[in-house]
Structures are given as structure tokens and as C-alpha cells.
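Quick notes on the structure that follows.
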Amino acid sequence: MESFIVEGGRRIEGTLRVDSAKNAVLPLMAASVLTDEPVTLTAAPDIADVRSMADILSVLGAEVSRQGGDIHIVCGGLRSWELPDGLSKQIRSSIFLLGPVLSRFRRATVTFPGGCEIGLRPIDLHLTGLKCLGVEISEEGGLIHCDGRNMRAGEIHFDYPSVGATENAMMAAVLLEGETVIHNAAREPEIADLQNFINAMGGCVSGAGGQTIRIRGVKRLRGARWKPMPDRIAAGTLMAAAAITGGEIILTDAPCGDMVAVTAKMREMGCRICEEGDRLCLKAPERLKAFSVLQTQPHPGFPTDMQVQMLALLCTAEGTGVVVENVFENRFTHAGDLNRMGAHILCSGRTAVVQGMPRLYGARVTARDLRGGAALVLAGMRAEGVTQVDRAELIDRGYDHLERQLTALGANVIRRTT
Ligand code: EPZ
């Protein structure tokens, strides 16, 4: 097991370039299945989920290699439409392969992706979208068999703007003759990145970022070289690191336009933030002020993936704040560990009430998911004494050596194998 040892009381100060977004790179890797020609994703972060997706593509028969920050994928030799059970369970985003594999083979078999700490993570919306495109779906012994021999363009209406279901439907439709329309589509910026990548491959997709996406089918797609969009959640996490330590940070390659909700909340807490193009500067007060309420929502609302980092900021802020988690059913799993560090968090269902305390104390705590683990590291950076965050391998799923990034900015976070 990997642990992060965090020394409290050190201010964050410095400049860092924002990595490419995990939640953009993963669907883009899945979309490489749509062409036999080489695809290159540049400046891709070296994180566990990206490595797992590469392993899955390799098992399907793709050639996947990394040169520096670039990932090269060639799916010309793809031979299987059966997503590997063990690997698929490792990362939920393997479900994004359903649409592109169906596009290519007109059939696909996938394991029911497991739930995780933050919720059951059902895939009913994914399957509804595919059924609207004529896919016949049967389930047997934990496997989902998709028969796409009668696939055709169609109209999809999602009851909820699911990110993954929207991405799956887009990739399932790109090679279907005619026009597919997705209503109540997710509006996350990663959807627009996927649209733009598919169009760079010769596809014809429009409307991403809005509630209605239109896909006009084309006969084939070509390879492409693509720089995925910057990671708005990794950027927000680094901003939170500066905010919780009373520090200041400059982020370059920052997706400022995609982070308006996060920036607004940080300003509400007393941070001075200036933005110029893709450069963001944040200067934090010695002690933050509690915001009154934070509600997570689908984009452009406040992103659920930044919720627990903001919960950590509230722990030592002046005043009391309320956080309502509307997207996932169980995303306060780190409140207990934060309370063990001296926080005063009261959780009831999807609501947490946080009374800000003058200080936190170092403790031994455990990451349960990648965002919560990162939040525990942030809390440790504010706490008096040393904090040990166990299961740091969960944090590695979404952050490229978070300990190195924070240490380069003045923190003292050491990785230890325990
Ligand atoms: C994506 O997950 C992200 N993951 C998540 O980031 C992110 O939290 C989430 O979108 C919301 O923004 C990737 O992009 C790889 P959803 P996804 O489908 O697609 C329910 C992180 O930390 N739902 O929009 O799985 C679901 O249970 C991760 O980087 C259904 O009910 O999210 C949840 O309550 C965590 N049925 C809500 O919708 C379905 O078929 C949002 O899920 C699908 C989803």
C-alpha cells in the first residue's frame, strides 16, 4: 500500500502548468477504436486510469504506446469486441468503450461495471441510449451482450444528463447513416472536447456544450493528433491547496472558462483570483470565510468532483457552511476522517453542515476515492503536525504524482510504501 506523509503548516507558493484532463483523455482513448488509423493524444497525464484504459485497448488488440507525454494508439488490428472482465472492473470508464466497439463490430460484450465508494454507478442511461439506436441488449451472469446488427440513427432523450451515457451515444452514432439527436445531453466541457476530436477525425458532430447534440453519420473516420483539454478538476484541486494554506498560486494552461463555478466559490471564501486567457492567479487570505451553501450540479453547475476539496476548505474557515451533494449518493465518505483531524462536519443524507474550526490536527487517515484522498492531503497541509494518508494509489488514479506537484509548490508531501 502507498501512503502520503504530509507535513502541515507550509504555504503553497509558485507556478504550475495544468495537466490534460483525465476525464477527457479516457473517452478520447475509447474513441480511437472508431478508426484503423493512428491516433496520438499529446501531453496525456501518466495516471493509473489512463494506464488501465491502455491495457484494455491492448487486450482488444490495439497497439498502445507512450512516448514522453504522448500516447499513440493504433486500432487497425482490433480483433475482439469482448471487454475484459477484470480490467473493466478496475475502471468505470471502460463502459465508454461500449459505444465505439459497437460502432466498429456491431456487437459488444461488457461486464456490469461495479459501483464504487461514491455510489452505485448504474448504467441504465447508457443502455437506454444504445437501445434508441437499435441495439438489442441482453444480460446474462453479470455480462451485458449488445447486438448492433440493426443499429440505425435515432433520437435519444436522457432523463438525466449523464456524462458517460452522452459520450457513449455520441461514439455509437458517428458511423450510423443519417442524423442522431441526443436531447438533455450532458454539457460538461469534456463532451465538447470529444466532439471536436471526433470532428478532427472526419466526423460530423455539433451542439456539444448545449443540451442537444446532433451527429450526422459518416462512412469512416481517419486518425488524428489531439491535445486533450486541461484538467479543470486538477486545476481546482491545486487552487484549493493554495487556498487552504493561505498561499498563492499561478496556474498556466488553466481552463478558466470551464471553472467559473469553482472560481466563484473560492472568491466567496475570500480568495483574490485574476484570470488572463489560460493563466489563473489565486491569492488566499490567512483564514478563509465559509460560503453559506454549495450545491453540486451537472455542468455548468458546481462540479461534484470538487465537492470534497471544498468541504476540506470549510473545515478551518471562519463560520459555518452547508454542502449539498446532488450528483452522487455517497460522496461524504471522507467526513469521518476529516472529523478525526478536528473538523466539525455533520452529515445527513446528501447534506453536510461544516462548522469551521481554528485548526486541524495531523492524523492517520485513509483515501476512499481519488478526489476524497486528495482532499485529505489538502487538510493535512493545513493541519498541525503530520498526517498520513493511506491508499494513495487511489489518488494516483486521477493525479499524476500529486505529491511531486505539491512539493514543487512548497508543501512537504512524501510518498511511502507501507
Ligand atoms: C463522469 O462519470 C466522470 N468520470 C466523474 O468523475 C464525474 O464525477 C461524473 O462524470 C459527473 O461529472 C469520467 O468522466 C471518467 P454520470 P460518469 O454518468 O459518466 C447517475 C472523477 O472523480 N447515472 O454523469 O459515470 C450516476 O449514478 C470521476 O474523476 C445513472 O443513474 O457520471 C450519478 O448519480 C468520479 N445511470 C449521476 O448519474 C446511468 O446510466 C452522474 O453520473 C449513468 C449515470
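Index from 1, following the sequence. All values derive from a computational prediction rather than experimental measurement. Ligands are counted one by one from 1 in listed order, and the atoms in each one are counted from 1 as well.
Regarding atom 18 (O) of ligand 1, its nearest protein heavy-atom neighbour is Ser162 OG, 2.7 Å. Here the protein heavy atom with the shortest distance to atom 15 (C) of ligand 1 is Asn23 OD1, 3.3 Å. Closest protein heavy atom to atom 25 (O) of ligand 1: Arg92 NE, 2.9 Å. Nearest protein heavy-atom contact of atom 19 (O) of ligand 1 is Gly164 N, 2.8 Å. Among all protein heavy atoms, the one lying closest to atom 17 (P) of ligand 1 is Arg121 NH2, 3.9 Å. Protein heavy atom nearest atom 32 (O) of ligand 1, with residue, atom name and distance: Phe328 CZ, 4.2 Å.
For His299, no heavy-atom contact with ligand 1 is shorter than 4.0 Å. Contacts of Arg397 with ligand 1, taken as heavy-atom pairs under 4.0 Å, are absent altogether. Residue contacts with ligand 1 for Val327 involve both N, CA, C or O and side-chain atoms from C-beta outward (heavy atoms, distance under 4.0 Å). Heavy atoms of His126 found under 4.0 angstrom from ligand 1 belong to the backbone as well as the side chain. Heavy atoms from both the backbone and the side chain of Asp124 come within less than 4.0 Å of ligand 1. With a 4.0 Å heavy-atom cut-off, ligand 1 is reached by the backbone of Val163 and by its side chain too.
Ranked by closest heavy atom to atom 27 (O) of ligand 1, the top entry among Ala374, Gly129, Pro122 is Pro122.
Geometrically, ligand 1 and Leu125 share a nitrogen or oxygen pair separated by less than 3.5 Å. For ligand 1, the polar-atom distance check against Glu167 finds no nitrogen or oxygen pair separated by under 3.5 Å. Looking at Thr304 next to ligand 1, no N or O pair under 3.5 Å apart turns up. Taking any N or O of Arg371, backbone or side chain, at least one lies under 3.5 Å from an N or O belonging to ligand 1. Polar contact check, Ala165 against ligand 1: no nitrogen or oxygen pair lies under 3.5 Å apart.
Counting only distance, with no hydrogens or angles, the side chain of Glu179 and the backbone of Ala153 share no donor-acceptor pair below 3.5 Å.
Within the listing of ligand 1, atoms 8 (O), 22 (O), 35 (C) sit less than 4.0 angstrom from a heavy atom of Arg331. Counting atoms of ligand 1 from 1 in the listed order, those under 4.0 Å from a heavy atom of Lys22 are 21 (C), 29 (O). Close approach to Asp305 involves these atoms of ligand 1, each under 4.0 Å from a residue heavy atom: 5 (C), 6 (O), 7 (C), 8 (O), 21 (C), 22 (O), 28 (C), 29 (O), 35 (C). Counting atoms of ligand 1 from 1 in the listed order, those under 4.0 Å from a heavy atom of Tyr160 are 37 (C), 38 (O), 41 (C). For ligand 1, the atoms closer than 4.0 angstrom to any heavy atom of Ile123 are 39 (C), 40 (O).
Inter-residue side-chain proximity for Met239 and Met259 is flagged as met; some heavy-atom pair is nearer than 4.5 Å. Inter-residue side-chain proximity for Leu238 and Leu409 is flagged as met; some heavy-atom pair is nearer than 4.5 Å. Counting heavy atoms from C-beta on, the side chains of Ser80 and Val59 never come closer than 4.5 Å.
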Phe332 vs Thr351, side chain to side chain contact (heavy atoms under 4.5 Å, CB included): CA-CA, chis, key distance, verdict
CA-CA 9 Å; Phe332 292 132; Thr351 300; 5.5 Å; no
Would you check, one step at a time, whether the test side chain to side chain contact (heavy atoms under 4.5 Å, CB included) holds for Glu403 with Ile5?
CA-CA 9 Å; Glu403 78 280 11; Ile5 310 302; over 6 Å; no
Assess the residue pair Asn326 and Thr296 against the criterion (side-chain hydrogen bond (donor to acceptor under 3.5 Å, both in side chains)); give the C-alpha distance rounded to whole Å, side-chain angles, the decisive distance to 0.1 Å, and a yes or no.
CA-CA 5 Å; Asn326 294 307; Thr296 65; 4.6 Å; no
Evaluate side chain to side chain contact (heavy atoms under 4.5 Å, CB included) for Leu194 paired with Met171, printing each intermediate quantity in order.
CA-CA 9 Å; Leu194 177 61; Met171 294 188 279; 4.2 Å; yes
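In this structure, Ala169 and Leu133 approach most closely via the heavy-atom pair O-CD1, 4.1 Å.
Other residues, nucleotides and ligands contribute over 12 non-hydrogen atoms within 6.0 Å of the CD atom of Glu139. Counting non-hydrogen atoms of neighbouring residues, nucleotides and ligands closer than 6.0 angstrom, the CZ atom of Arg66 exceeds 12 such neighbours.
A distance of 10.5 Å separates CG of Leu78 from CG of Leu34, quoted to the nearest 0.5 Å.
Under a 4.0 Å N-O distance rule, the pair Asp400/Lys22 does not qualify as a salt bridge.
The presence of a protein heavy atom under 4.0 Å from atom 30 (C) of ligand 1 is confirmed.
Residue pairs that meet the ring-ring contact (aromatic ring centres under 6.0 Å, His included) test with at least one member in residues 169-192, sequence neighbours left out, do not exist here.
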